[in-house]
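Keep in mind it's a predicted model, so treat the numbers as computed, not measured.
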Amino acid sequence: MQAPTEKKKFERKVAPSKAPGRLLKKKLRDLERLLQNKDKLKDLPEEVVEETKKKIEDTKKQIAALVPAAPPAVAAAEKRTETKAAKKNSNGLKFTEMRRAGRKISAYKKQHPNFEASEEESKAVADLELDLLYIKHFPKHEEYISIYPESPLTDSEQVKTQAQIREKIEKALASGEIKKSTESGSGSRSASTSSAGEKHPVSNWSEAEEEDNEEAGEEEKERSSKKMKTA
């Protein structure tokens with residue numbers, strides 16, 4: 001009588017070229033699920049949690065390394081798309097925060113009409129005006145960091161970047177490199193000369209719109225030149 005043969009376990013075959021990526025993605029999902037499981041997470045030692053976070057970052061880097069580099073033209077196009085998306089998202093927040101900063105300045109000056117006679121009150125006004133200038137002159141091609149976040153910033157890099165930008169703007173203002181709204185000739189009221197009954201000193205938002213129009217014009221020129229070359 002022939003002995004029964006052991007049934008082989010089914011194994012899904014994966015193409016060799018795709019196997020490393022799939023295995024790494026599965027590993028990444030497992031690690032992320034571990035941290036998302038609150039019941040297990042509370043029982044894990046702090047060292048294990050930190051080690052898991054480190055493994056997640058390393059796995060993400062390994063997955064990124066497997067992706068072939070895009071051609072320069074495609075990479076540049078993707079970069080422009082990402083920049084536009086980030087800028088579009090931050091523009092609404094910046095506009096809202098400019099209005100908020102302007103209201104803060106107007107309200108403070110209304111409550112302290114003789115603020116110039118007090119060193120402490122003058123400094124408070126200067127800090128509020130610096131908030132407004134920070135919003136207006138925040139680097140265009142960087143992701144905007146809110147000056148009025150819903151909760152205090154915990155990312156050390158964001159805190160550092162925000163402090164550096166404020167410091168640069170403060171130095172530029174002192175040297176005359178950048179000017180307040182009334183000094184720029186734009187027709188908008190200055191944060192330093194606003195009083196009760198006047199509009200709050202919101203920076204002229206039309207500057208951002210002009211920058212968008214300029215970028216759109218440059219892109220249209222690029223497309224036109226490409227069409228002429230291919231014709």
- Query: When you measure from the centre of the six-membered ring of Y148, is the NZ or CZ of K104 under 6.0 Å away and within 45° of the axis?
  - Reply: yes
- Between Q158 and I145, what is the shortest heavy-atom contact and its length?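 Closest approach of Q158 to I145, heavy atoms only: O-CD1, 3.8 Å.
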- More than 12 heavy atoms of other residues, nucleotides or ligands under 6.0 Å from CD of Q164: is that the case? yes
- Does the T59 side chain pair with the main chain of L28, one donor and one acceptor, at a distance under 3.5 Å?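 No; judged by distance alone, with no hydrogens or angles, the pair does not exist.
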- Check for a donor-acceptor pair, side chain of S118 on one end and backbone N or O of F115 on the other, with a separation under 3.5 Å. no
Taking the side chain as C-beta and beyond, is there a heavy-atom pair between [X] and [Y] under 4.5 Å?
| X | Y | answer |
| --- | --- | --- |
| Y108 | E121 | yes |
| S146 | E97 | yes |
| E47 | E51 | no |

Measuring from atom [atom1] of [X] to atom [atom2] of [Y], what distance do you get when rounded to the nearest 0.5 angstrom?
| X | Y | atom1 | atom2 | result |
| --- | --- | --- | --- | --- |
| E32 | T52 | CD | OG1 | 11.5 Å |
| L34 | I56 | CG | CD1 | 8.0 Å |
| D30 | L35 | CG | CG | 11.5 Å |
| E129 | L173 | CD | CG | 8.5 Å |
| I135 | M98 | CD1 | CE | 7.0 Å |
| R99 | T96 | CZ | OG1 | 8.0 Å |

- Task: Just say parallel, tilted or perpendicular for the rings of Y134 and Y144, cut-offs at 30° and 60°.
- Result: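 The rings of Y134 and Y144 sit tilted, inter-plane angle from 30° to 60°.
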- According to the salt bridge (charged side-chain N to carboxylate O under 4.0 Å, His left out) rule, which pairs have a member within residues 158-170, sequence neighbours left out?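 Sorted result for residues 158-170: D131-R166, E167-K171.
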- Task: Report the C-alpha distance between E142 and T161 in whole Å, list the side-chain angles of each, state the deciding distance to 0.1 Å, and finish with yes or no for side-chain contact (heavy atoms from CB on, under 4.5 Å).
- Result: CA-CA 11 Å; E142 290 187 26; T161 300; 4.2 Å; yes
- Task: Answer yes when K54 and D58 have at least one side-chain N-carboxylate O distance shorter than 4.0 Å, and no when they do not.
- Result: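 Judged by the 4.0 Å cut-off on N to carboxylate O distance, K54 and D58 do not form a salt bridge.
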- Test side-chain hydrogen bond (donor to acceptor under 3.5 Å, both in side chains) applied to K53 - qualifying residues, sequence neighbours left out: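 For K53 there are no side-chain hydrogen bond (donor to acceptor under 3.5 Å, both in side chains) partners, ignoring immediate neighbours.
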